[in-house]
Asker: 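Just dropping this structure here.
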Number of protein chains: 2
Amino acid sequence: MSFVIFLANQYPDMFSKACEYGIKAMIYVATQSLKGERVKIGDIVEKVGSPEAFTAKILGDLAKNGLIESLKGPYGGFYIRPDQMESTRIIQIVSVIDGDSIFLGCGLGLSECNAQKPCPMHSKFVKIRSELKNALESTTLLELANGIKSGQTILVR
Amino acid sequence: MSFVIFLANQYPDMFSKACEYGIKAMIYVATQSLKGERVKIGDIVEKVGSPEAFTAKILGDLAKNGLIESLKGPYGGFYIRPDQMESTRIIQIVSVIDGDSIFLGCGLGLSECNAQKPCPMHSKFVKIRSELKNALESTTLLELANGIKSGQTILVR
DNA sequence: TCTATTTTCGACAATTTTATCGGAAATAGA
DNA sequence: TCTATTTCCGATAAAATTGTCGAAAATAGA
């Protein structure tokens with residue numbers, strides 16, 4: 001029998017909340033962009049289940065980095081061009097919001113950690129991190145948007 | 001050409017700082033316990049490069065969960081029994097400090113996410129998460145302590 | 001019993017992440 | 001030009017994580 005007496009943190013998911021919101025928002029905008037529709041932030045957060053102002057700020061950062069287009073005013077909103085959708089990889093979204101330490105950094109936080117001077121967990125993590133990096137690098141936004149469109153995957157719950 | 005304009009977060013490593021400190025402290029205490037020596041918190045943080053009071057608190061939580069023994073007073077300090085060292089897995093340390101959402105939770109933060117109702121990243125992550133869980137489950141504290149003892153791995157830098 | 005040592009523990013402070021608010025800027029249409 | 005709409009942006013607030021401080025509690029030895 002075994003149970004945890006104190007759980008110090010409630011945090012570490014794979015990505016930050018900001019990153020989760022950003023990925024989901026991008027996927028939703030992509031599905032609508034496939035239909036040629038621009039979407040407003042209010043529509044996005046309703047479909048994605050994320051806080052409005054926070055999500056808007058994140059999408060602003062992604063827009064500054066060229067991953068999504070935004071237009072102010074009536075009939076404005078967010079839009080992702082077809083070519084953009086096909087070329088952007090999930091790793092780009094993650095890099096903008098969370099940086100790259102989850103798939104490049106040392107698992108124990110050492111500033112230098114490599115095969116020559118490895119941390120104790122190094123050999124255990126090297127394959128996992130490269131698989132994570134590869135997964136994020138190889139999957140396109142279009143691919144994930146198509147999963148939503150076909151009803152095979154979902155964005156909330 | 002491509003560069004990130006704004007990096008929102010500076011956070012996400014694989015584990016929280018608390019967890020990194022906890023794992024490294026446990027490994028160092030284990031190496032000394034192999035020699036039959038109890039170690040004081042001041043010695044630990046010097047070898048591990050972590051803040052003293054914070055590390056003490058983390059070790060206190062691990063002690064409450066039975067992963068390490070502590071003794072107050074002169075000649076006191078932290079100690080890990082040989083049997084303890086061999087039986088405790090890294091996943092136990094991580095679970096106490098960070099919980100299990102990094103190797104059990106949904107990558108996009110959905111409360112329910114499974115093969116029937118998958119998030120868009122589900123199929124990409126299911127293998128990676130299980131490999132991470134397996135790695136943490138299969139490696140013992142003794143194994144990592146031996147890596148330090150033999151000079152094959154390091155705890156700082 | 002007294003002293004020195006060391007963990008334990010609660011309170012507090014600093015930093016980062018998450019989230020909200022209000023108004024400025026831009027845009028479309030009348 | 002005026003109005004309505006919508007993103008943009010700075011200031012601020014709330015919450016979580018990270019980190020510090022000081023004193024209490026326990027222990028060993030004199």
Side-chain angles (χ1 to χ4, degrees), chain A residues 5-22 24-25 29 32 37-46 48-65 68-80 96-99 101-102 109, chain B residues 5-22 24-25 29 32 37-46 48-65 68-80 96-99 101-102 109:
Chain A
I5 310 273
F6 280 105
L7 195 149
N9 287 343
Q10 86 190 79
Y11 180 127
D13 264 317
M14 186 101 69
F15 306 118
S16 70
K17 281 291 169 198
C19 195
E20 289 176 2
Y21 299 157
K24 289 194 280 187
V29 173
Q32 299 313 100
E37 290 178 10
R38 250 194 294 267
V39 278
K40 293 175 281 196
I41 188 64
D43 186 19
I44 295 170
V45 302
E46 182 191 324
V48 155
S50 58
E52 181 164 323
F54 193 38
T55 306
K57 194 154 293 188
I58 293 160
L59 286 178
D61 286 350
L62 293 169
K64 286 201 194 74
N65 282 275
I68 189 173
E69 293 185 349
S70 64
L71 186 68
K72 294 176 185 173
Y75 304 95
F78 293 92
Y79 182 77
I80 301 174
V96 167
I97 303 175
D98 277 352
S101 73
I102 193 164
Chain B
I5 312 269
F6 280 104
L7 194 149
N9 287 344
Q10 88 190 79
Y11 178 129
D13 264 316
M14 185 100 69
F15 306 118
S16 69
K17 282 291 170 199
C19 196
E20 289 176 4
Y21 300 156
K24 289 194 281 189
V29 173
Q32 299 312 101
E37 290 177 12
R38 249 193 295 266
V39 278
K40 294 175 281 197
I41 187 66
D43 186 18
I44 295 170
V45 302
E46 183 191 323
V48 154
S50 58
E52 180 163 324
F54 193 38
T55 306
K57 194 154 293 190
I58 294 160
L59 286 178
D61 286 350
L62 292 169
K64 287 201 194 74
N65 283 274
I68 189 174
E69 292 184 352
S70 65
L71 186 67
K72 293 176 185 174
Y75 305 96
F78 292 93
Y79 182 76
I80 301 176
V96 166
I97 304 175
D98 278 352
S101 72
I102 193 165

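Sequence lines set the chain letters: A, B, ... in the order given, protein chains first and strands last, and positions in each chain run from 1. Here the structure is a predicted model, which is why all the values come from computation and not from measurement.
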Asker: Find the distance I58(A):CD1 to dA19(C):C1' and express it as a whole number of Å.
Answerer: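 That distance rounds to 10 Å.
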
Asker: Rounded to the nearest Å, what distance is computed from the OH atom of residue Y79(A) to the P atom of nucleotide dT7(D)?
Answerer: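 Roughly 16 Å, once rounded to whole Å.
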
Asker: With a 4.0 Å cutoff (strictly under), does any side-chain N or O of Y21(A) reach OP1 or OP2 of dT18(C)?
Answerer: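 So the side chain of Y21(A) is outside the cut-off, no N or O lying under 4.0 Å from OP1 or OP2 of dT18(C).
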
Asker: Checking S50(B) now: which residues fulfil side-chain contact (heavy atoms from CB on, under 4.5 Å) with it, not counting sequence neighbours?
Answerer: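 If we apply the side-chain contact (heavy atoms from CB on, under 4.5 Å) test to S50(B), skipping adjacent residues, the hits are Y21(B), V45(B), V48(B), T55(B).
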
Asker: When all nucleic acid strands are considered with a 4.0 Å heavy-atom cut-off, which category describes L59(A): base, sugar-phosphate, or nothing?
Answerer: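 If one applies the 4.0 Å heavy-atom cut-off, L59(A) turns out to touch nothing in the nucleic acid.
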
Asker: With a 4.0 Å cutoff (strictly under), does any side-chain N or O of K64(A) reach OP1 or OP2 of dC9(D)?
Answerer: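 True: K64(A) side-chain N/O within range (under 4.0 Å) of dC9(D) OP1/OP2.
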
Asker: Given atom CD1 of I97(A) and atom C1' of dT16(C), what is their separation to the nearest angstrom?
Answerer: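 Checked: the CD1 to C1' distance equals 16 Å.
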
Asker: How many whole angstroms separate atom CG of D13(A) from atom C1' of dT17(D)?
Answerer: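 From D13(A) CG to dT17(D) C1': 15 Å.
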
Asker: Could you tell me the separation between the CG atom of N9(A) and the P atom of dT16(C), rounded to a whole number of Å?
Answerer: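 Taking atom P of dT16(C) as the reference, CG of N9(A) is at 16 Å.
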
Asker: With a cut-off of less than 4.0 Å, is there a side-chain N or O of S70(A) near OP1 or OP2 of dC8(D)?
Answerer: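 For dC8(D), OP1 or OP2 has a side-chain N or O of S70(A) closer than 4.0 Å.
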
Asker: Between N or O atoms, less than 3.5 Å apart, protein on one side and nucleotides 28-30 of chain D on the other: list the pairs.
Answerer:
none

Asker: With respect to the side chain of F54(A), which nucleotide from dT8(C), dT6(D), dA19(C) is positioned closest?
Answerer: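 In terms of side-chain proximity for F54(A), the closest of dT8(C), dT6(D), dA19(C) is dA19(C).
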
Asker: Distance-only, no hydrogens or angles: does the D61(B) side chain make a donor-acceptor pair with backbone N or O of I97(B) under 3.5 Å?
Answerer: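 It does not hold such a pair.
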
Asker: Counting side-chain heavy atoms from C-beta on, which of dT7(D), dT18(D), dT20(C) comes nearest to I41(A)?
Answerer: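 Among the listed nucleotides, the one closest to the side chain of I41(A) is dT7(D).
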
Asker: Using a 4.0 Å heavy-atom cut-off across all strands, classify A56(A) as base, sugar-phosphate, or nothing.
Answerer: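 Answer is nothing: A56(A) stays at 4.0 Å or more from every strand.
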
Asker: Counting the atoms with a prime plus P, OP1 and OP2 as sugar-phosphate, which does G77(B) contact under 4.0 Å by heavy atoms, base, sugar-phosphate, or nothing?
Answerer: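 Sugar-phosphate, no base atom in range.
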
Asker: Look for any protein N or O under 3.5 Å of an N or O in nucleotides 10-13 of chain D and output each such pair with its distance, or none.
Answerer:
from: dG10(D); atom 1: O6; to: K57(A); atom 2: NZ; distance (Å): 3.0
from: dA11(D); atom 1: N6; to: K57(A); atom 2: NZ; distance (Å): 3.1

